[in-house]
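Following: one structure in structure tokens, then a few remarks.
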Amino acid sequence: MCKGLAALPHTCLERAKEIKIKLGTLLQKPESAIDLIIPYPDKPEKPPKASKPSAEEALQWRDSLEKLLQNSYGLSVFQTFLKSEFSEENIEFWLACEDYRKTKSPSKMAVKAKKIYEEYIQTEAPREVNIDHFTKAVTMKNLVEHSSSSFDLAQKKIFALMEKDSLPRFVRSEFYQELIK
């Protein structure tokens with residue numbers, strides 16, 4: 001990276017300025033309301049019209065957050081449960097990252113990255129997720145050059161948090177108990 005005493009002040013300073021400019025661009029306020037419009041689907045408050053899973057299928061969710069999130073009915077019930085606990089920011093962040101990862105257009109990717117960063121990652125964000133300093137720093141570094149994996153580390157940390165904390169509470173909830181009857 002920046003090695004050698006002679007290169008240190010000049011090269012590192014230039015690199016730092018370059019990163020500052022790129023992050024500054026990411027953090028700029030939108031010039032118009034159109035910059036704020038991102039096509040995230042509306043999140044249903046009630047389970048969708050998807051067919052209710054069998055008790056056997058729902059029982060598999062106890063041990064696999066991945067299976068729960070892959071099932072549209074399960075995802076919706078899980079979201080409703082988290083909203084009832086005022087802790088939906090983790091699943092909303094995870095879903096936003098999934099949407100971001102599928103984005104192909106670099107310009108749309110930049111807009112979505114900015115939205116995700118401002119909404120969930122930056123300090124004092126409106127729906128700030130609980131990630132450690134290292135993960136936040138890696139994510140910010142990844143945002144200098146957008147790629148479909150820019151949020152991967154943070155998304156994995158939040159998935160692990162939901163698996164360890166939210167899923168066990170969900171499994172004990174009435175929301176889940178009704179499904180396995």
Side-chain angles (χ1 to χ4, degrees), residues 16-46 61 64-66 68-70 72 74-103 105-173 175-176:
K17 285 181 181 178
E18 181 182 317
I19 290 171
K20 182 181 177 187
I21 289 168
K22 288 182 178 180
L23 282 175
T25 302
L26 178 67
L27 298 175
Q28 284 179 356
K29 296 282 183 214
E31 293 178 15
S32 68
I34 196 74
D35 291 343
L36 296 172
I37 300 172
I38 294 181
Y40 288 116
D42 290 335
K43 308 298 187 277
E45 290 297 322
K46 295 178 183 172
W61 300 344
S64 175
L65 180 59
E66 191 172 337
L68 170 64
L69 298 179
Q70 288 172 351
S72 61
L75 171 60
S76 182
V77 173
F78 188 57
Q79 282 181 287
T80 303
F81 163 73
L82 291 173
K83 285 178 184 177
S84 77
E85 290 198 330
F86 304 100
S87 63
E88 69 269 17
E89 67 281 348
N90 288 339
I91 189 65
E92 299 298 334
F93 170 74
W94 188 87
L95 289 167
C97 290
E98 287 294 293
D99 179 58
Y100 173 84
R101 181 183 292 120
K102 295 172 188 167
T103 304
S105 161
S107 61
K108 287 182 182 178
M109 191 176 273
V111 171
K112 289 180 181 185
K114 179 181 180 205
K115 169 92 170 149
I116 292 169
Y117 176 81
E118 290 176 349
E119 190 75 20
Y120 302 102
I121 303 288
Q122 77 180 7
T123 305
E124 303 294 323
R127 299 188 314 177
E128 186 176 1
V129 292
N130 186 11
I131 54 175
D132 58 87
H133 180 71
F134 174 78
T135 303
K136 191 177 278 197
V138 168
T139 302
M140 287 176 64
K141 183 179 177 239
N142 290 346
L143 291 176
V144 173
E145 304 269 336
H146 301 294
S147 78
S148 61
S149 62
S150 293
F151 292 101
D152 281 3
L153 180 62
Q155 187 182 21
K156 286 176 184 162
K157 296 277 185 167
I158 293 303
F159 183 91
L161 182 66
M162 288 191 299
E163 197 168 43
K164 186 182 118 203
D165 185 48
S166 305
L167 182 61
R169 287 195 327 271
F170 173 67
V171 167
R172 291 189 303 268
S173 76
F175 291 89
Y176 181 74

Any heavy-atom pair between the side chains of [Y] and [X] that's under 4.5 Å?
{"X": "E98", "Y": "Q155", "value": "yes"}
{"X": "Y120", "Y": "C97", "value": "no"}
{"X": "H146", "Y": "Y100", "value": "yes"}
{"X": "L161", "Y": "N90", "value": "yes"}

Look up atom [atom1] in [X] and atom [atom2] in [Y], then write down how far apart they are to the nearest 0.5 Å.
{"X": "E145", "Y": "S150", "atom1": "CD", "atom2": "OG", "value": "9.5 Å"}
{"X": "T103", "Y": "K112", "atom1": "OG1", "atom2": "NZ", "value": "3.0 Å"}
{"X": "I158", "Y": "E92", "atom1": "CD1", "atom2": "CD", "value": "12.5 Å"}
{"X": "K83", "Y": "E89", "atom1": "NZ", "atom2": "CD", "value": "12.0 Å"}
{"X": "Y176", "Y": "L68", "atom1": "OH", "atom2": "CG", "value": "8.5 Å"}
{"X": "I131", "Y": "H133", "atom1": "CD1", "atom2": "NE2", "value": "10.5 Å"}

With salt bridge (charged side-chain N to carboxylate O under 4.0 Å, His left out) as the criterion, how do E119 and R127 come out once you've worked through the C-alpha distance, each side chain's angles and the decisive distance to 0.1 Å? CA-CA 6 Å; E119 190 75 20; R127 299 188 314 177; 3.1 Å; yes
Check the pair L95 / L75 against side-chain contact (heavy atoms from CB on, under 4.5 Å), numbers first and verdict last. CA-CA 10 Å; L95 289 167; L75 171 60; 4.0 Å; yes
Name the orientation class of the two ring planes belonging to F93 and F151 (parallel below 30°, tilted from 30 to 60°, perpendicular beyond 60°).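 Perpendicular: the ring planes of F93 and F151 meet at over 60°.
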Under 30°, 30 to 60°, or over 60°: which ring-plane class applies to F81 and F175, parallel, tilted or perpendicular?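 The rings of F81 and F175 stand perpendicular, inter-plane angle above 60°.
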Give the minimum heavy-atom separation between [X] and [Y], together with the two atoms involved.
{"X": "A113", "Y": "L143", "answer": "CB-CD2, 3.9 Å"}
{"X": "F159", "Y": "E66", "answer": "CZ-N, 3.8 Å"}
{"X": "A154", "Y": "T139", "answer": "CB-OG1, 3.6 Å"}

Could you pull out all residues at least two apart from F134 that satisfy side chain to side chain contact (heavy atoms under 4.5 Å, CB included)?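 Per chain and number, F134 pairs via side chain to side chain contact (heavy atoms under 4.5 Å, CB included) with D132, V138, L153.
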Apply the test side-chain contact (heavy atoms from CB on, under 4.5 Å) to residues F78 and L65: give CA-CA distance (whole Å), side-chain angles for both, the deciding distance (0.1 Å), then the verdict. CA-CA 10 Å; F78 188 57; L65 180 59; 4.0 Å; yes
Taking side-chain hydrogen bond (donor to acceptor under 3.5 Å, both in side chains) as the test, write out the residues that go with D165, two or more places apart. R169
Between the main-chain N or O of S76 and the side-chain N or O of T80, is there a donor-acceptor pair closer than 3.5 Å?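 Indeed, once roles are kept as given, a pair shorter than 3.5 Å links the two residues.
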Any chance you could lay out the side-chain contact (heavy atoms from CB on, under 4.5 Å) test for N142 and D152, step after step, and finish with the verdict? CA-CA 10 Å; N142 290 346; D152 281 3; over 6 Å; no
For E128, check salt bridge (charged side-chain N to carboxylate O under 4.0 Å, His left out) against everything at least two apart and list the hits. K136
